[in-house]
Amino acid sequence: MEGAEQWKIQLEQWKKQLEPWKTQLEQWLNQVIEHIHQIPPTQLYAAVAVLLFTTLLLLFIRVLKRAKSNTIVLTGLSGSGKTVLYYQLRDGSSHQGTVTSMEPNEDTFVLHSETAKEGKVKPVHLVDVPGHSRLRPKLDEFLPQAAGIVFVVDALEFLPNCRAASEYLYDILTKASVVNKKIPVLLLCNKTDKVTAHTKEFIRKQMEKEIDKLRTSRSAISAADISSDFTLGVPDEAFSFSQCHNKVTVAEASGLTGETSQVEQFIREHVKP
């Protein structure tokens, strides 16, 4: 009983201490209300309208920022099989006989393997960017909107093209448009159905070695001559894809036989159903 009585006394003391604050708050509120009454209705309505418009605009911007891109960019050297993969993903057909692309193939569609689920899955905006060196600037048009990049490598003719493929991938992994948005990259070893094709582990290791040489040689060039926006790797350590600013994974596929499950899995990880 004594404890309860003490608490009662303490509460009464706090109430008395807060009384002046209550009076002051009431005075402030009365002043605000009086000031509002003095504002002409037109100005008051205008102020409320501006406040509502600003709030809605901020909400709209936040929604746009949260909206996930559904664009997947296919790129790599000419002859790596990008266009065949594009048609397999879209139509379930290799479209044999197609020539090397000189213009991007671009379409929005439900993956062919998911056509039975149409209406329940999100369409993919797939862009097949030509691999010819003169046409690579077109890649920059699509990278800012990419949800993921599929870099296709010819696993059959890999060794003669290892240096060139590594240089191209190096350029992509050091672009500000890719690094700042941390766009995930899939290193896709294509044509793995062939007996003489190299394994994805071999291709990964060889490209890591080539990129390690590239970053060493390019770091020796004066800053004015370097076109890359970012550097790769950890100083004084051998380069590996795990050191990249972006997540880089390695997978296998065969465009001609329709074995595209691993690239489809990558697409669905970054273009949610």
Side-chain angles (χ1 to χ4, degrees), residues 70-101 104-115 117 121-132 139 142 146-162 164-166 168-169 172-173 183-208 210 241 244 246-273:
N70 68 334
T71 298
I72 296 292
V73 175
L74 281 174
T75 190
L77 299 181
S78 294
S80 58
K82 301 183 302 299
T83 303
V84 172
L85 283 166
Y86 173 88
Y87 285 118
Q88 279 287 7
L89 293 168
R90 194 188 74 171
D91 306 328
S93 168
S94 64
H95 284 240
Q96 292 189 53
T98 56
V99 295
T100 300
S101 303
N105 291 303
E106 182 181 2
D107 199 0
T108 300
F109 52 86
V110 171
L111 295 174
H112 183 265
S113 63
E114 298 177 338
T115 49
K117 306 176 185 176
V121 291
K122 186 175 183 177
V124 176
H125 178 216
L126 192 63
V127 183
D128 163 28
V129 181
H132 194 282
L139 180 66
F142 300 102
I149 300 168
V150 178
F151 188 88
V152 185
V153 173
D154 185 343
L156 193 61
E157 300 293 333
F158 170 68
L159 286 177
N161 298 304
C162 179
S166 299
Y168 191 11
L169 183 57
I172 291 172
L173 293 174
I183 300 173
V185 177
L186 178 69
L187 176 57
L188 188 68
C189 307
N190 190 28
K191 307 182 185 180
T192 53
D193 57 299
K194 304 298 183 183
V195 177
T196 55
H198 294 286
T199 65
K200 66 179 184 180
E201 288 79 13
F202 176 82
I203 291 172
R204 176 184 60 79
K205 289 178 182 178
Q206 291 301 120
M207 292 190 74
E208 285 178 338
E210 283 296 331
F241 287 120
C244 290
N246 314 61
K247 182 180 179 182
V248 180
T249 52
V250 187
E252 296 177 331
S254 173
L256 285 176
T257 63
E259 179 45 60
T260 57
S261 59
Q262 292 183 35
V263 66
E264 289 181 17
Q265 181 181 349
F266 173 81
I267 291 172
R268 276 301 165 220
E269 283 178 5
H270 304 290
V271 180
K272 299 296 183 182

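Predicted model, so just to flag it, every value in this text is computed and none were measured.
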Going from [atom1] on [X] to [atom2] on [Y], what distance comes out if it is rounded to the nearest 0.5 angstrom?
{"X": "Ile149", "Y": "Leu187", "atom1": "CD1", "atom2": "CG", "result": "12.0 Å"}
{"X": "Met207", "Y": "Ser166", "atom1": "CE", "atom2": "OG", "result": "4.0 Å"}
{"X": "Glu269", "Y": "Gln265", "atom1": "CD", "atom2": "CD", "result": "5.0 Å"}
{"X": "Thr75", "Y": "Leu139", "atom1": "OG1", "atom2": "CG", "result": "5.0 Å"}
{"X": "Gln88", "Y": "His112", "atom1": "CD", "atom2": "NE2", "result": "8.5 Å"}
{"X": "Asn190", "Y": "Phe151", "atom1": "CG", "atom2": "CZ", "result": "12.5 Å"}

Looking only at heavy atoms, which two atoms of [X] and [Y] are closest? And how far apart?
{"X": "Leu85", "Y": "Gly255", "answer": "CD2-CA, 3.9 Å"}
{"X": "Lys82", "Y": "Leu74", "answer": "O-CD1, 3.7 Å"}
{"X": "Asn246", "Y": "Ile183", "answer": "ND2-O, 2.9 Å"}
{"X": "Thr257", "Y": "Ser254", "answer": "OG1-OG, 2.8 Å"}
{"X": "Gln262", "Y": "Ala251", "answer": "OE1-CB, 3.0 Å"}
{"X": "Ala197", "Y": "Leu156", "answer": "N-CD1, 3.9 Å"}

Taking the side chain as everything from C-beta on, heavy atoms only, tell me whether [X] gets closer than 4.5 Å to [Y].
{"X": "Ile203", "Y": "Val250", "result": "no"}
{"X": "Ile267", "Y": "Leu89", "result": "yes"}
{"X": "Val271", "Y": "Arg268", "result": "yes"}
{"X": "Leu159", "Y": "His198", "result": "yes"}
{"X": "Thr260", "Y": "Leu111", "result": "no"}

If we ignore hydrogens and angles and just use 3.5 Å, is the side chain of Ser80 paired with the main-chain N or O of Asp154 as donor and acceptor? no

So, using side-chain hydrogen bond (donor to acceptor under 3.5 Å, both in side chains) as the criterion, who are the partners of Glu259 when residues are at least two apart? Ser261

Can you check side-chain contact (heavy atoms from CB on, under 4.5 Å) on Asp107 and Leu126, steps first, answer last? CA-CA 6 Å; Asp107 199 0; Leu126 192 63; over 6 Å; no

Please walk me through it: do Phe241 and Leu169 pass side-chain contact (heavy atoms from CB on, under 4.5 Å)? CA-CA 11 Å; Phe241 287 120; Leu169 183 57; 3.8 Å; yes

If you apply the rule salt bridge (charged side-chain N to carboxylate O under 4.0 Å, His left out), what do you find for Arg204 with Glu208, and how did you get there? CA-CA 6 Å; Arg204 176 184 60 79; Glu208 285 178 338; 3.2 Å; yes

Going by the rule side-chain contact (heavy atoms from CB on, under 4.5 Å), which residues pair with Gln206 if we only count those two or more places apart in sequence or in a different chain?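 Partners of Gln206 by the side-chain contact (heavy atoms from CB on, under 4.5 Å) criterion, ordered by chain and then number, come out as Phe158, Cys162, Phe202, Lys209.
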
Partners passing side-chain contact (heavy atoms from CB on, under 4.5 Å) against Glu106 (at least two apart in sequence or in another chain): His125, Val127, Phe142

